[in-house]
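The next block holds one structure in the form of structure tokens; read it before the comments.
Throughout, protein chains are lettered first and strands after them, A, B, ... in sequence-line order, and every chain is numbered starting at 1. Remember, it's a predicted structure, so these values are computed and weren't measured experimentally.
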Amino acid sequence: MSVRVRFAPSPTGNVHIGNIRAAIFNWLFARHAGGKFLLRVEDTDRERSTQAAIDTLLDCMGWLGLDYDEPEVYQSRQMARHLAVAEDLVNRGLAYKDNKGGGGECVIFRMPKEGRLEYTDLVKGTIKKKAEDTQDFVIVRSDGTPVFHLSNVVDDIDMGITHVIRGDDHVENTFKHIELFKALGAPVPNYAHLPMIVNNQGKPYSKRDGAAFVGEFKEQGYLPDALFNFLLLLGWAPGDDREVLTRAEMIELFTLERCKSSAARFDLKKLVWMNGEYIRRQPREVYAAEFTARIQAAGLPVAGRDLAGILDQMQIRTKFYSEIPGSCAYFFTEEYPFDEKGVAKRLKAEGVPELLEEVAQRYEALPSFDVQSTHDVLAAMGETRGSGLGAMVHPVRVAVSGLTEGPGLFEMLALIGREPVCARLRRVARRLRDGTLGSGT
RNA sequence: GCGCCCAUCGUCUAUCGGUUAGGACACAAGGUUUUCAUCCUUGGAAGCGGAGUUCGACUCUCCGUGGGCGCGCCA
């Protein structure tokens with residue numbers, strides 16, 4: 001029997017990372033097995049299930065490359081079918097009507113009253129429970145609407161689902177679901193319950209702990225492949241020492257038996273590292289396209305710049321695309337902002353204006369304005385003054401870039417060009433004297 | 001309260017009875033008297049506790065302890 005799995009989220013407008021991880025595991029399982037990955041939108045809560053929420057869900061899945069193999073199923077459209085199934089269960093004595101709690105007549109499914117219930121979870125192993133520890137449960141509310149358990153099982157039967165891969169929180173529900181499958185004469189699917197993603201306190205990771213929804217990671221500049229890879233490593237490992245994997249490798253290596261059964265803490269630092277890793281590994285053209293798009297979006301001119309040189313310097317330093325152009329605006333404009341701490345530390349010192357002007361003067365006199373000669377000038381000045389190269393480099397860096405970090409200074413100077421560099425040095429010297437630098441920009 | 005599940009460095013994990021318990025993130029030091037980053041090298045860092053099984057337990061069993069989940073006319 002060929003594998004058919006599904007991702008069955010309720011569209012609430014936000015897709016939680018724990019949820020999307022379940023989708024990722026389902027997708028990988030299907031792709032590994034050469035089976036089908038399906039999407040069922042559990043939109044029975046008509047209040048929250050708006051078209052906008054559904055669009056957000058589909059957008060998140062598309063962003064992560066979670067393509068599905070058949071048109072999505074909308075659970076709300078199956079209500080008549082669910083109710084018919086419930087009626088049939090009542091007719092066969094497997095469920096009964098009752099005015100439980102006085103809210104009106106609802107339909108209740110009978111659970112076994114004696115014996116042992118057990119199933120084999122592909123991740124957690126054998127899960128057992130005594131029948132007496134279970135209870136009959138409502139499958140149709142007194143207002144005539146079907147309950148989750150019923151809809152979920154009937155839809156899984158109709159969709160021919162062979163493996164149910166979902167969150168840990170459904171472990172106990174599975175006993176109910178299995179009895180429903182049996183009552184309906186349908187083969188019981190295989191189950192695999194994935195551990196939860198938790199916060200530092202070991203509680204389920206929620207929006208209070210930081211970005212918790214896929215859309216937030218997208219907005220913050222994470223690459224979908226980085227998030228995908230990171231989420232996969234929360235609860236699964238290939239068995240060797242590889243961590244950064246291509247989609248093809250993931251598909252090839254993924255098995256449920258390699259999934260862990262204990263909860264995983266969400267480690268943002270590792271995700272950040274992973275993101276930088278993916279950016280560094282991007283083909284140059286891809287990085288260049290993203291880079292220029294962001295520079296242009298900020299209204300900065302790209303023409304006339306040594307873009308290839310700038311890209312060489314910036315790609316290895318970019319952890320988030322959203323850092324662009326903040327981290328490198330000075331390559332493209334004379335209106336670059338100054339880091340206040342950097343100004344205070346490197347420029348607000350005795351003799352700095354004079355130093356900058358001397359550097360400008362010497363740079364203007366240079367036969368060739370390149371990495372080597374700009375370095376030699378500062379080295380010589382450092383030696384003459386007995387202060388070392390470092391004392392020269394830091395003020396010049398902050399003066400020409402406004403920042404305390406970035407590419408090697410001399411590579412940076414060469415990329416900016418002699419005229420702008422000297423103009424910046426002189427302008428900063430002047431503003432330091434006026435006191436117009438350091439209070440504001 | 002009852003039931004179910006889980007437990008290796010700070011974090012993510014490898015190990016499927018015999019290992020100097022490996023890797024990654026993070027951290028620290030060095031390569032690097034220009035920063036940040038990259039890259040390389042090095043370092044510290046773990047089997048929750050107690051019994052049992054076994055020639056031998058991180059690994060199997062039991063009891064604790066801690067944590068999570070479930071016990072809705074929510075999904």
Does [X] reach a base, just sugar-phosphate, or nothing at all? Heavy atoms under 4.0 Å.
X: A/Arg280; result: sugar-phosphate
X: A/Gly382; result: nothing
X: A/Asn173; result: base
X: A/Glu42; result: sugar-phosphate
X: A/Gly235; result: sugar-phosphate
X: A/Thr126; result: sugar-phosphate
X: A/Gly406; result: base
X: A/Arg346; result: nothing
X: A/His170; result: base

Looking only at the side chains, is there a donor atom on one of A/Gln315 and A/Arg280 sitting less than 3.5 Å from an acceptor on the other? no
Indicate whether the side chain of A/His193 and that of A/His170 have a donor and an acceptor atom separated by less than 3.5 Å.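 Note: A/His193 and A/His170 side chains miss the donor-acceptor criterion.
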Would you kindly compare A/Asp45 and A/Arg21 by the position of their nearest RNA chain B nucleotide and give the one closer to the 5′ end?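 Per heavy-atom nearest nucleotide, the more 5' residue is A/Arg21.
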Taking for A/Lys130 and for A/Ser142 the nucleotide of RNA chain B with the nearest heavy atom, the one nearer the 5' end belongs to A/Lys130
Applying the Watson-Crick and G-U wobble criteria at under 3.5 Å, what pairs with [N]? Answer none if nothing qualifies.
N: B/A46; value: none
N: B/C16; value: none
N: B/U33; value: none
N: B/A24; value: B/U11
N: B/C71; value: B/G1
N: B/U61; value: B/A51

[atom1] of [X] versus [atom2] of [N]: gap in Å, rounded?
X: A/Phe320; N: B/C36; atom1: CZ; atom2: P; result: 19 Å
X: A/Trp236; N: B/A24; atom1: CH2; atom2: P; result: 17 Å
X: A/Trp273; N: B/A26; atom1: CH2; atom2: P; result: 8 Å
X: A/Ile127; N: B/G68; atom1: CD1; atom2: P; result: 19 Å
X: A/Phe148; N: B/C73; atom1: CZ; atom2: C1'; result: 15 Å
X: A/Glu277; N: B/A26; atom1: CD; atom2: C1'; result: 15 Å
X: A/Leu150; N: B/C74; atom1: CG; atom2: C1'; result: 15 Å
X: A/Phe137; N: B/G70; atom1: CZ; atom2: C1'; result: 14 Å

Check A/Leu253 against A/Trp236 and note the closest heavy-atom contact, atom names and distance.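 Looking at all heavy atoms of both residues, the closest pair is O-CZ2, 3.6 Å.
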Minimum-distance pair of heavy atoms, taken over all atoms of A/Glu411 and A/Val371: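 Scanning both residues completely, I find the closest heavy atoms to be OE2-CG1, 4.0 Å.
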Distance-only donor-acceptor test (3.5 Å): side chain [X], base [N]:
X: A/Ser261; N: B/C6; answer: no
X: A/Arg317; N: B/C36; answer: yes
X: A/Lys270; N: B/A24; answer: yes
X: A/Arg265; N: B/U11; answer: no

Using atom [atom1] of each nucleotide, how far apart are [N] and [M] to the nearest Å?
N: B/C40; M: B/U19; atom1: P; answer: 31 Å
N: B/G23; M: B/G30; atom1: P; answer: 22 Å
N: B/A57; M: B/U8; atom1: C1'; answer: 14 Å
N: B/G68; M: B/G50; atom1: C1'; answer: 23 Å
N: B/U65; M: B/G49; atom1: P; answer: 15 Å
N: B/U41; M: B/G47; atom1: C1'; answer: 29 Å
N: B/C74; M: B/C5; atom1: P; answer: 28 Å
N: B/U13; M: B/C73; atom1: C1'; answer: 43 Å

Compute the ring centroids of A/Phe175 and A/Tyr119, then answer whether they are less than 6.0 Å apart. yes
Geometric class of the A/Tyr191/A/Phe181 ring pair [parallel <30°, tilted 30-60°, perpendicular >60°]: perpendicular
Measure the acute angle between the ring planes of A/Tyr336 and A/Tyr330, then classify it against the limits of 30° and 60° as parallel, tilted or perpendicular. perpendicular
Please list, by residue number, the residues of residues 195-215 of chain A whose heavy atoms come closer than 4.0 Å to an atom of RNA chain B; answer none if no residue qualifies. A/Met196, A/Gly202, A/Lys203, A/Pro204
Identify whether NZ of Lys or CZ of Arg in A/Arg40 sits under 6.0 Å from the centre of the six-membered ring of A/Phe7 and within 45° of that ring's axis. no
Verify the contact: side-chain N or O of [X] to OP1 or OP2 of [N], cut-off strictly under 4.0 Å; return yes or no.
X: A/Lys319; N: B/U38; answer: yes
X: A/Arg141; N: B/C74; answer: yes
X: A/Lys100; N: B/C73; answer: yes
X: A/Arg166; N: B/C69; answer: no

Mark yes or no for whether A/Asn99, through its side chain, and A/Gly104, through its backbone, hold a donor-acceptor pair below 3.5 Å. yes
Would you check if A/Val107 and A/Phe109 make a side-chain contact, meaning some heavy-atom pair closer than 4.5 Å? no
So with a 6.0 Å cut-off around CD of A/Glu334, is the heavy-atom count from everything else above 12? yes
